[in-house]
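The next block holds one structure in the form of structure tokens; read it before the comments.
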Amino acid sequence: MSNTSTMVTLTIDGIRTEVPEGTLVIEAARQVGIMVPHFCYHPKLEPDANCRMCLVEIEKIPKLQTSCSTRVAEGMVVRSSVPHVESARKSVLELLLGNHPLDCPVCDQGGRCDLQDFSHEYTPTVSRFKELKRVFPKQYLGPVIETQMNRCVSCMRCVRYCDEVMDAQALAAEGRGTITQITHWAGNELECDMCGGCIQICPVGAITSRLSMYDYRPWMLKRTETICSYCGDGCQITVQRKDDQLIEVNSALGAGRNNGDLCVRGYFGYHAAEHPDRVQQPLVRQADGSFAEVTWEEALDRVARQFTRIKATHGSDAIGGLITTRCTNEDLYLFQKFMRVVIGTNQIDSGARYGHINGVRALRRVQGTHRWTIRYEDLAQADAIMLVGTNVNESNPITALHVKQAVKRKGAQLVTLESLLPVRSTVSNITTLSKHHLEVKSGQFSAAILGLVKAVVESNLVQEDVAREAPEFVQTIRTNVAKVSWDAIREQSGLSQTDVETAARTYSQAERAVVLVGREVLRSLGGEGLVTNLMDLQILTGHLRRSGSGLGCLAEGSNDQGAVEMGAVAEYFPGPAGLHDEESQKTLTRTWGQAVPAGAPATLPEVLTRARTGDIKSLFIVGDNPVESLPGDAGVTEALDALEFLVCQDLFLTETAKRAHVVFPACSAMEKDGTFTNTEGHVQSVRQATEPLGESRPDWEMFSALSVLMDHPIEYNEVKEIFKEIRGVIPGYGLLGPASTPPKVDEKTVAQYVTSGFKEDVDQRYTLDASPAAPEGALTLRLVQSLYHSGKYSTRAKGLMEIEGEGRLHVNAREAGRLGIEEGQTVRLANDGGQATVSVKLNDRVPDAVAWFPEHFDEPVRALFSLKVDPHTHVPVWKTAHVTVTKWSSTNRSIEERSRV
Amino acid sequence: MIFHKHQATVNDILSRYPVKRSAMLPLLNLAQKEEGYVSQAAIREIAGILDLTPPQVFETATFYTMLNLKPIGKFHVQVCRSLMCALVGADPLVDWLRKHLGIGLGQTTEDKMFTLSTVECLGSCGTGPMMQINDDYYERLTEDKVGRILKDLRETGDCSLKSGPFLVPERGEGVVSL
């Protein structure tokens with residue numbers, strides 16, 4: 001509600017209150033502490049008034065009114081607990097209970113059930129209904145959801161949530177009257193976002209989770225509020241456990257940046273942390289190559305001695321470090337401090353190198369802050385939202401929810417530049433909400449973004465004051481884009497001039513406009529330049545400095561943003577500050593009690609190259625798994641095998657960790673305290689929800705312990721002390737709650753950029769590289785993010801594996817027809833790099849001539865891809881390949897199997 | 001593709017409503033006319049036409065008892081079981097039909113000829129007991145008459161005992177105001 005709205009005074013049960021015009025009576029009552037009982041009402045949903053439970057008496061209205069659908073009016077007098085209101089509620093309950101099985105003792109909702117609570121409050125113990133109750137058989141809606149429709153009170157919250165909030169429309173109210181039941185449709189296996197929202201929003205036990213069926217009673221559960229580690233959205237989750245057993249994860253309405261909504265990974269993915277394959281003891285490689293379980297003392301001692309020896313013999317820069325962005329800020333900070341202070345090297349990098357760094361660098365360069373200048377709330381206020389190269393529903397599902405709400409509730413105009421088709425199905429597809437969907441050919445975002453800028457410049461959409469203040473900037477871009485023809489843009493991106501111009505106009509003319517950029521841009525060659533061009537677009541249309549407008553790069557890792565800010569990337573000290581920033585050097589020297597190392601930094605590809613050439617003798621890899629996150633021709637295994645000494649610190653014995661000399665067992669995010677910084681830049685508390693498994697310890701403790709053994713003690717009593725140090729090093733780095741305001745654009749940086757800064761590379765940024773044409777008849781194979789998984793970590797979560805347990809080749813029906821293949825068939829993919837046999841799944845949102853394969857299961861197809869490294873930012877790019885597809889007949893298969901034997 | 005050959009009709013139906021979704025019932029009717037029941041393929045197609053998902057079409061279809069979601073026989077015998085017909089023997093009529101067709105309510109004979117169901121008032125209360133078979137009424141029924149009707153339908157596909165129904169002519173056929 002904006003502050004300008006008119007206030008209305010009303011009386012509820014004798015309490016006078018003032019609420020904004022348009023407030024629902026039930027909400028006004030809640031604000032003065034009166035809970036009007038209800039089933040179908042939910043603050044996230046439009047009023048439906050179907051359950052009739054929230055009836056109240058309103059003076060001068062002859063009949064009782066549903067308070068969930070009646071809006072307040074001046075002078076209204078509401079009574080919620082007079083006898084005939086209570087009697088009406090009793091009647092509603094009597095009707096509901098007339099068909100309810102009263103199986104509370106075996107119901108998972110028992111103890112936190114609205115029907116139970118209201119029955120306790122209102123119902124007499126006798127009922128006039130003597131008839132037999134309806135009986136529905138128990139049904140499973142897909143692998144993770146159970147329905148017990150006998151318990152359903154037909155409030156339709158689940159159906160409405162699925163439609164209004166998720167935009168999936170996957171649930172149906174089948175039948176009518178008392179025999180209404182919630183199903184998918186016609187007995188088909190449930191296909192949807194699997195967000196678990198229907199389970200969370202069900203007021204009774206009609207829809208429950210199969211993962212924790214019959215395992216608990218709600219009052220046995222211990223709850224911990226923490227942050228989900230599956231993506232950069234940073235959702236607040238409530239982890240519930242019974243003794244040491246993880247029972248359930250959910251999220252409370254009003255909590256966190258997600259306001260109680262979760263995605264499939266957050267809701268059903270919690271078992272990854274307690275997978276039986278977890279490394280639970282420190283491991284040391286034996287002479288025969290096998291691992292032996294040892295004590296912490298022995299493992300730490302071995303590592304400390306080796307690091308000390310290598311440092312003494314070959315110098316500090318013979319050691320490098322890599323860390324995953326699933327670590328907390330404290331882990332990341334301490335890791336880079338350990339590497340810089342104890343080892344004495346700047347050769348460190350993190351998972352932010354896989355793409356996030358491209359966005360950060362461009363934002364810093366143009367707007368002076370590497371953070372979003374907007375937040376989720378600005379999406380709701382935006383007049384236009386533009387999504388560029390982000391299948392946001394898959395990569396950042398909760399950001400996607402904010403976009404959906406902005407479009408559906410607030411009428412924001414959505415412009416999408418994506419490589420997917422706007423096909424509606426029961427899995428939500430953000431592009432079906434688009435006003436202008438520009439279907440960009442896979443990997444051709446450079447041409448698409450250039451087209452947008454060209455359209456703005458050539459359709460006179462440049463803001464007058466920009467043209468006046470930075471004439472050279474505008475003119476240079478104008479000259480550059482004039483050199484590229486619309487034909488060339490269409491040829492490469494597949495977009496027509498008219499479509500691009502219409503989209504550009506929608507964006508330019510919006511008062512408040514938000515741009516969200518995703519992996520297709522961030523993880524591409526020249527990604528930094530593409531984001532810079534989008535920043536140029538914002539400058540030209542005047543959105544860069546306008547309040548409520550801005551550009552956000554979507555972080556995929558739970559702490560991509562934090563990794564950069566903690567200085568756990570090659571080019572930055574904590575802050576992030578450049579390695580040559582004197583101010584930062586001074587602060588760090590003072591805080592750390594010794595000078596920062598002067599050696600050259602090394603990015604992930606550089607670290608691997610130096611390892612291969614023997615310049616780096618030892619690597620400390622924390623959680624990262626380069627063997628499985630880079631293709632075969634990246635030479636990761638060769639690099640690791642060339643090392644004298646490899647230390648891995650991980651939850652699992654990954655392909656990388658299997659090559660280590662010592663493996664430290666690390667805690668999952670569920671088992672430790674700390675902070676994550678989400679994609680918006682909100683720093684949020686991660687709290688320990690379960691006991692560390694086996695001997696595993698939080699990452700920072702290992703760094704601290706090693707530092708002591710290496711005679712360079714950096715010690716902390718608890719994790720909060722590290723955060724205190726971070727706050728000293730990065731002024732203002734605090735626990736930024738939901739109310740925090742995003743940083744403003746730095747005017748000086750922008751001024752510098754538009755007068756001279758842009759010249760540095762503007763000519764290169766506004767040219768079209770001839771993209772290598774796909775070989776004749778080849779299919780473009782892309783490794784994509786699946787909604788149901790996150791990295792490789794989620795493939796350890798049994799719930800998610802039940803939903804999607806293997807990688808399949810997604811092609812659309814037209815393409816399948818062209819190739820003569822069908823759903824479920826096995827096909828062979830081949831190119832110069834190798835071959836793979838995979839099974840086929842039809843997916844109508846995959847563009848023509850393209851096939852998708854979920855990256856989480858890329859093991860069989862990784863050989864088909866080859867690595868390219870961005871020459872400027874060193875981001876490894878490899879997730880697109882060209883392959884030929886052939887049907888894999890059973891005869892071929894047997895030959896294959898024989899040859900394998 | 002059920003609607004492929006009815007493209008003009010579909011366009012005409014769509015043109016009648018400001019909100020696309022409102023065209024759902026006419027399209028469901030069209031699908032049932034075409035196939036005798038509303039198939040899953042039809043539901044998918046309607047969802048595609050109306051920019052909805054199949055569950056949204058399905059739930060609407062399940063609300064209406066006159067839409068069949070399973071294939072039915074060639075002749076759909078629908079006996080009125082509302083009060084007026086019940087008073088003059090709808091129940092014995094249903095029992096007789098069950099016995100002679102060898103099927104229960106909602107079932108179809110093995111030869112796929114007859115499907116039996118009961119329906120609410122068909123507005124022919126003065127001539128009960130009565131039933132509707134496909135689009136035709138059969139009134140003042142007796143055992144003999146019903147026997148003859150079933151025999152005729154089975155043998156010739158038609159029966160001269162039918163009367164009505166007295167429906168509004170299709171659009172464009174004539175002038176009727178109700």
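Throughout, a chain's letter reflects where its sequence line sits, starting with A, and its residues are numbered from 1. We use all heavy atoms of the structure for the numbers below, so side chains are in, but hydrogens, waters and symmetry mates are not. Every value quoted in this text rests on a predicted model; they were computed, and no experiment measured them.
Counting non-hydrogen atoms of neighbouring residues, nucleotides and ligands closer than 6.0 angstrom, the NZ atom of B:Lys145 exceeds 12 such neighbours. By the 6.0 Å contact criterion, CD on A:Gln825 is enclosed, its count of non-hydrogen atoms from other residues, nucleotides or ligands being greater than 12. Within 6.0 Å of NZ on B:Lys151 lie no more than 12 heavy atoms contributed by other residues, nucleotides or ligands. The neighbour count for A:Lys138 NZ, taken as heavy atoms of other residues, nucleotides or ligands under 6.0 Å away, is above 12. The local environment of CD in B:Glu155 is crowded, with over 12 non-hydrogen atoms from other residues, nucleotides or ligands closer than 6.0 Å.
The CD atom of A:Glu174 sits 13.5 Å away from the CZ atom of B:Phe63 when rounded to the nearest 0.5 Å.
For residues 144-178 of chain A, there are no ring-ring contact (aromatic ring centres under 6.0 Å, His included) pairs, not counting sequence neighbours.
Using a 4.5 Å cut-off between heavy atoms, A:Thr180 does not touch chain B at all. Within the 4.5 angstrom heavy-atom criterion, atoms from both the backbone and the side chain of A:Ala186 approach chain B.
Scanning residues 46-62 of chain B against chain A with a 4.5 Å non-hydrogen threshold yields B:Asp51, B:Leu52, B:Thr53, B:Pro54, B:Pro55, B:Gln56, B:Phe58, B:Glu59, B:Thr62, sorted by number.
Using a 4.5 Å heavy-atom cutoff, the side chains of B:Tyr64 and A:Arg176 are not in contact.
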